[in-house]
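In what follows, a structure is listed as structure tokens, so that the remarks can point back to it.
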Amino acid sequence: MVRTRTIKEAAAYFREEDPQTSLTETAIRTLLRSGAVPSIRVGKKYLVTVEALEAYLTGESAPMLQVQASQPKRAKVWQIR
């Protein structure tokens, strides 16, 4: 089962597992925005799997998420005649 978390929840998970961790919310956000760790953006929040973060930290290739993002909507073009 995939363990999906928000950035805040992922940081709390790693802090609980290792109280001395240096993996902060800011560090996770930077990894997601740079594309180093795969994530999904839902509204204003990023979702990441714990497995993807663990894979990045151990140097393995991150498992790909099995969710397909929808195509962005095209803006309606108005024509004046």
Side-chain angles (χ1 to χ4, degrees):
M1 177 170 198
V2 178
R3 298 174 290 167
T4 306
R5 305 282 190 271
T6 63
I7 293 172
K8 188 174 189 174
E9 293 168 343
Y13 171 83
F14 282 99
R15 219 175 2 254
E16 183 179 305
E17 292 292 316
D18 177 14
Q20 300 299 319
T21 187
S22 297
L23 191 62
T24 62
E25 290 179 37
T26 304
I28 295 172
R29 187 173 291 109
T30 302
L31 290 171
L32 301 184
R33 286 187 176 168
S34 70
V37 176
S39 65
I40 296 176
R41 187 167 177 188
V42 179
K44 292 183 178 182
K45 295 186 177 197
Y46 284 90
L47 297 179
V48 63
T49 62
V50 173
E51 293 82 6
L53 284 168
E54 288 174 341
Y56 176 82
L57 294 172
T58 59
E60 300 172 10
S61 62
M64 296 305 294
L65 298 174
Q66 298 299 321
V67 178
Q68 294 180 350
S70 62
Q71 295 285 334
K73 294 181 181 179
R74 292 185 181 183
K76 190 171 187 176
V77 179
W78 296 92
Q79 294 180 350
I80 300 174
R81 295 181 187 193

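This structure is a prediction, so every number in the text was calculated from the model and none was measured.
Residue T21 comes nearest to F14 through the heavy atom pair CG2-O, 3.8 Å, listed as atom of the first residue, atom of the second, then distance. Among all heavy-atom pairs drawn from V37 and A52, the shortest one is CG1-CB, 3.8 Å. T49 approaches T4 most closely through the heavy-atom pair CG2-OG1, 4.1 Å.
Residues satisfying the side-chain contact (heavy atoms from CB on, under 4.5 Å) criterion with T30, sequence neighbours excluded, are T26. The salt bridge (Lys or Arg N to Asp or Glu O under 4.0 Å) search around E54 returns R3, not counting sequence neighbours. For K8, the side-chain contact (heavy atoms from CB on, under 4.5 Å) partners are T6, E25, not counting sequence neighbours. Taking A12 as the reference, R15 meet the side-chain contact (heavy atoms from CB on, under 4.5 Å) condition, with sequence neighbours excluded. Considering only residues two or more places apart in sequence or on other chains, V42 meets the side-chain contact (heavy atoms from CB on, under 4.5 Å) condition with I40, L47.
The structure places OG of S39 at 10.0 Å from CG of L31, a figure rounded to the nearest 0.5 Å. Between the CZ atom in R33 and the CZ atom in R41 there is a gap of 7.5 Å [rounded to 0.5 Å].
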Query - Candidate pair L57 and L23, rule side chain to side chain contact (heavy atoms under 4.5 Å, CB included), full reasoning - result: CA-CA 10 Å; L57 294 172; L23 191 62; 3.9 Å; yes
